[in-house]
Amino acid sequence: MITQTKESQAALNPNSAITLLKEGNERFVENKKANRDLLGQVKQTTSGQYPFATILSCIDSRVSAELVFDQGVGDIFSARVAGNIVNEDILGSMEFACKLAGTKVIVVLGHTSCGAVKGACDDAKMGNLTTLLHKIKPAVRAVSEPADESQRNSKNLDFVNAVADTNVQLTIEDIRSLSPVLKEMEDNGEIAIVGAMYDIADGKVHFM
Ligand SMILES: [Zn+2]
C-alpha cells in the first residue's frame, strides 16, 4: 500500500476519497489489512504530508480512524473529541486540513453505544465534561421518539444510537454554518462533508 504523495492526493476528488475510505473499512472488516511498512512510511513522509481525508471521531478507544479505515502514516488527519462535536479549535484544524493541506473529504464519524452520547442522554454532570455534553444536548432534544421520558436515557440503546446519528448530522450543520471557509470549499466541489456511523459490534462504517 503506497503512502499518499502530492501527485496521488491531487489526483483524488471527494468521491474517490470516500471510496478509498470505504475500501479501507472493507479490508478492516474482512481482516485483510493492507501490508504496510509503517517505518518506511515515516521516512517517505519526513519531507511532507499529503493526507486525503479528515476524520472527526470520538475519543472512544474502539474507534481509531486509522485502524477502522485501514490507513497508514500520512494518509488522514484525525481529530478526536468525546462525542465528535466541533468547537472553534477543531474547525480551525479542519480548515487547515482542507484549505492548506489539501484533503478532499471531511467525515464526521459517530459510533454506536457512545459513552458521551449516553452521558448527554442522562444529563450527566462532572467538571469540564458538563460543558462538552452540553454540545450534544441539541441532538438529544431533536430525537422526538420515544416521547415517554422514562425511555429517554442511556438504558435505551436504540434511543442512544438515534441521538448519536442525529448528533453527526447536527455536527455537519455546525461545520457548514460556523466555517464559511469549509462551506465555500464544499459549494465549489473541492471537498465533501459527510457523516458516518461506526458499529462497535462488527467494525463496519455506515456512510449516511
Ligand atoms: Zn463515543
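As the structure lists them, so they are numbered: ligands from 1, and atoms in each ligand from 1.
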Return the minimal non-hydrogen interatomic distance between Ser57 and Asn84, and the atom names on each side.
C-CB, 3.8 Å

What count do you get for protein N/O/S atoms less than 2.8 Å from the Zn ion (ligand 1)?
3

With Ile59 via side-chain contact (heavy atoms from CB on, under 4.5 Å) - residues at least two apart
Arg80, Ala82

Testing the 3.5 Å rule here: is there a donor-acceptor pair between the side chains of Ser16 and Asn13?
yes

Of all heavy-atom pairs linking Gln4 and Ser8, the shortest is OE1-OG, 2.8 Å

Can you see whether Gln41 engages Thr45 through a side-chain donor-acceptor pair at a distance of less than 3.5 angstrom?
no

Pair Asp70 + Arg36, salt bridge at N-O below 4.0 Å
yes

